[in-house]
Amino acid sequence: AFYLRLRGRALDIYQYLEPLLNDYRKIRERGLDGKFRITHVDEIVWDLLTKDTLCDVALPHLVKRTTLEDQQMLQERISVLEDDLDEELLSDTVE
């Protein structure tokens with residue numbers, strides 16, 4: 001994922017990394033001080049998609065997702081959480 005973010009095209013980056021936003025597995029991440037901390041795959045992917053630097057490496061500029069959506073190169077992203085929220089709201093109105 002890190003290499004793809006460094007060398008890939010914006011369209012490929014969004015297509016391959018966004019499904020990992022639904023991956024909530026725990027992983028160990030080593031900090032700059034050498035200590036490990038528990039994080040999740042989706043947090044690392046979110047940082048890859050939104051931050052300018054990661055692991056003290058300056059990442060290349062990434063075209064905003066909304067720009068690619070406006071050009072109709074990507075479909076609008078629908079979060080799994082939005083689906084759950086919609087279902088919960090519907091069940092509350094029925095009761």
Side-chain angles (χ1 to χ4, degrees):
F2 190 72
Y3 181 76
L4 176 65
R5 177 61 177 87
L6 283 174
R7 300 292 298 160
R9 296 180 312 137
L11 185 62
D12 294 334
I13 291 169
Y14 285 113
Q15 287 177 338
Y16 289 110
L17 293 185
E18 279 187 342
L20 294 175
L21 289 172
N22 297 325
D23 188 348
Y24 304 112
R25 289 179 289 175
K26 293 180 182 179
I27 56 173
R28 289 188 316 169
E29 179 182 29
R30 188 177 204 170
L32 296 175
D33 59 356
K35 294 181 181 177
F36 288 96
R37 69 181 187 96
I38 299 295
T39 187
H40 298 88
V41 173
D42 64 316
E43 294 176 50
I44 300 295
V45 172
W46 183 255
D47 289 345
L48 284 169
L49 292 173
T50 58
K51 292 191 175 180
D52 295 329
T53 59
L54 191 66
C55 302
D56 276 349
V57 175
L59 300 172
H61 175 73
L62 184 62
V63 176
K64 298 286 183 196
R65 190 179 204 296
T66 54
T67 304
L68 295 174
E69 287 176 6
D70 292 342
Q71 295 174 355
Q72 297 181 352
M73 297 175 78
L74 280 176
Q75 294 179 355
E76 185 176 343
R77 182 175 178 275
I78 299 173
S79 172
V80 173
L81 298 175
E82 287 179 32
D83 291 340
D84 292 342
L85 182 62
D86 290 342
E87 289 174 10
E88 186 175 313
L89 290 174
L90 285 174
S91 67
D92 287 344
T93 58
V94 171
E95 295 174 357

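Hydrogens, waters and symmetry mates play no part in the numbers below; they use all other heavy atoms, side chains included.
Nearest heavy-atom pair across Arg28 and Phe36 is CB-CD2, 4.1 Å. Across all non-hydrogen atoms, the minimal contact from Gly34 to Arg30 is O-NE, 3.5 Å.
Between Ile13 atom CD1 and Tyr16 atom OH the span is 11.5 Å, to the nearest 0.5 Å.
A side chain to side chain contact (heavy atoms under 4.5 Å, CB included) with Glu18 is found for exactly one of Asn22, Leu21, Leu20, namely Leu21.
Crowding of Leu32 atom CG: a count of heavy atoms from other residues, nucleotides or ligands under 6.0 Å not exceeding 12. Shown here is Gln71, whose CD atom has more than 12 heavy atoms of other residues, nucleotides or ligands within 6.0 Å.
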Side-chain donor-acceptor contacts of residues 42-64 below 3.5 Å, not counting sequence neighbours, with atom names and distances?
| unit_1 | atom_1 | unit_2 | atom_2 | d |
| --- | --- | --- | --- | --- |
| Glu43 | OE1 | Thr39 | OG1 | 3.1 |
| Glu43 | OE2 | His40 | ND1 | 2.8 |
| Thr50 | OG1 | Trp46 | O | 2.7 |

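Take Asp23 and apply the side chain to side chain donor-acceptor pair (under 3.5 Å) test, not counting sequence neighbours, and it matches Arg25.
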